[in-house]
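Notes to accompany the following structure.
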Amino acid sequence: MNGFHDWVYMTLAIAGLTVVTFATRSSFFMLPQSVQLPASWERALKYAPVCALTAIVAPTVFTRDHEPFISWDNHQMWALLAASAVFAKWRNMTAMICVGMAVFTALRWWA
Amino acid sequence: MMRRTRAHLFAYCPREYFDEGVRSMAPLSLAIGVWGLVTGVAMVNAGMTMPGAIGVTLFVYAGSAQLATLPLLAAGTPLPVVWATALLVNLRFVIFSAASRSYFMRLPWQQRLVAGYLNGDLGFALFSRRFADDPERGTPEQYGYFYGGAITNWGAWQVSSYLGILIGGLFPTEWGFELAASLALVAVLIPMANKFPAVAGIVVTGVLSVLTADMPMKLGLLVSVVAGGAVAVSIDVWRSRA
């Protein structure tokens with residue numbers, strides 16, 4: 001099933017995602033000043049995004065048809081590793097995406 | 001005598017400080033533009049309709065949450081899972097808002113709501129660096145700098161996303177634009193992986209999310225985030241006690 005052409009699904013999705021944007025970005029701007037962020041919560045809030053991004057990226061790159069796909073033939077995997085190395089060294093997202101896509105395209109053509 | 005004043009959506013700010021904010025954000029517009037372009041192309045490439053993609057860009061305005069929920073929407077995943085995923089990715093903004101609230105609390109609520117919407121990763125980073133040592137909070141200088149940077153960021157994001165949405169159909173899917181989307185997310189992820197607990201959380205979440213990829217309704221995603229997050233928090237707590 002593809003959700004993009006179900007306009008009720010998409011409208012509700014966008015409405016909910018908009019609420020999420022405001023609820024997180026404006027959260028402490030809207031709460032009374034007496035409400036502080038507990039230090040213990042801060043830890044959880046810090047690590048949740050790291051893990052959520054990982055849980056999105058890892059399956060798209062390291063699985064195929066819902067099965068683990070760690071192999072020489074996984075072009076996305078090599079592209080991701082090369083791009084990550086570039087970003088870790090130069091902290092430049094544009095260069096990272098260019099290198100990653102170049103490695104992917106080169107492997108797709110020649111490997 | 002009561003005087004009714006119109007509620008403006010933006011706090012008053014002097015032109016010179018606004019311009020300073022614009023100038024500090026301008027060099028980052030290229031990176032924002034690439035990220036917006038990738039997001040626009042990725043949305044259309046995944047099959048999103050043009051009104052849907054435009055709605056997401058305008059209202060959601062959160063690149064990482066947009067890209068993270070894209071494969072879920074494509075698969076018609078139940079909406080609570082979609083929203084929960086966006087919430088998890090966006091939780092970092094709760095920390096940003098708590099950290100920068102002292103500058104904004106004297107504004108009326110409408111202005112605080114809009115300022116929050118505009119308070120993304122880059123705007124927050126520049127603003128915090130510029131005013132961290134300023135003893136006074138909520139000055140016209142601060143508002144000017146904030147809006148100048150934030151609106152430049154917003155504009156660069158909107159323009160580049162719409163460009164991506166327009167040209168997205170030109171790229172065949174086998175060019176792998178979903179990979180470009182993943183790479184953009186990794187660029188957000190790597191700076192956050194600067195300490196051992198975060199790295200441990202990434203490894204645990206990554207392995208689990210690959211092994212649970214066949215769970216229905218993308219529930220493996222939530223399971224692996226909860227497990228990885230618990231590991232990261234536990235290690236952090238244990239290290240701070242040791």
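Order of the sequence lines fixes the chain letters, A, B, ..., with proteins taken first and strands second; residue numbering starts at 1 for each chain.
- The CD1 atom of A/I56 sits 11.5 Å away from the OG1 atom of B/T205 when rounded to the nearest 0.5 Å.
- Contact record, B/W35 with A/M93: CB-CE, 3.1 Å, taken as the closest heavy-atom pair.
- Residues B/V225 and A/A55 share a closest heavy-atom pair of CG2-CB, 3.6 Å.
- Within a 6.0 Å radius of CZ in B/F59, no more than 12 heavy atoms belonging to other residues, nucleotides or ligands are found.
- The side-chain heavy atoms of A/Y9 and B/L73, taken from C-beta on, include a pair separated by under 4.5 Å.
- Taking all atoms of both residues into account, the shortest heavy-atom contact from A/G16 to B/W83 is CA-NE1, 3.4 Å.
- For residues 64-71 of chain A, heavy-atom neighbours of chain B at less than 4.5 Å comprise A/H66, A/P68, sorted by residue number.
- Under the 6.0 Å distance and 45° angle rule, A/R25 counts as a cation-pi partner of B/F93.
- The contact between B/Y61 and chain A is made by backbone and side chain atoms together, counting heavy-atom distances below 4.5 Å.
- Interface remark: B/Y117 contributes backbone and side-chain atoms alike to the contact with chain A (heavy atom separation under 4.5 Å).
- Contacts between A/F22 and chain B at a heavy-atom distance below 4.5 Å involve the side chain alone, from C-beta outward.
- Looking at A/R43, the atoms closer than 4.5 Å to chain B (heavy atoms on both sides) sit in the backbone and in the side chain alike.
- Using a 4.5 Å heavy-atom cutoff, the side chains of B/L113 and A/F29 are not in contact.
- The distance from the OH atom of A/Y47 to the NZ atom of B/K195 is 7.0 Å, given to the nearest 0.5 Å.
- Residues B/R101 and A/M30 fail the side-chain proximity criterion, which asks for heavy atoms closer than 4.5 Å.
- Atom-to-atom distance recorded for B/I202:CD1 and A/C51:SG is 7.5 Å, nearest 0.5 angstrom.
- Heavy atoms closer than 4.5 Å to chain B are found in the side chain of A/M10, but not in its backbone.
- Only the side chain of A/L37 comes within less than 4.5 Å of a heavy atom of chain B; its backbone N, CA, C and O stay farther away.
- Ranking A/T105, A/T60, A/L12, A/V19 against chain B, the residue ahead of the rest is A/L12, based on heavy-atom pairs under 4.5 Å.
- To the nearest 0.5 Å, atoms CZ (B/F177) and CD1 (A/I97) are separated by 8.5 Å.
- The OG atom of A/S26 sits 10.0 Å away from the CZ atom of B/F104 when rounded to the nearest 0.5 Å.
- Shown here for A/T24 and B/S97, the closest heavy-atom pair between the two residues is O-OG, 4.0 Å.
- Using a 4.5 Å cut-off between heavy atoms, B/T212 does not touch chain A at all.
- Among all heavy-atom pairs drawn from B/L91 and A/A48, the shortest one is CD1-CB, 3.7 Å.
- Interatomic distance, NZ of A/K46 versus CZ of B/R92, reported as 15.0 Å (0.5 Å rounding).
- Shortest non-hydrogen contact noted between A/T94 and B/A31 is OG1-CA, 4.1 Å.
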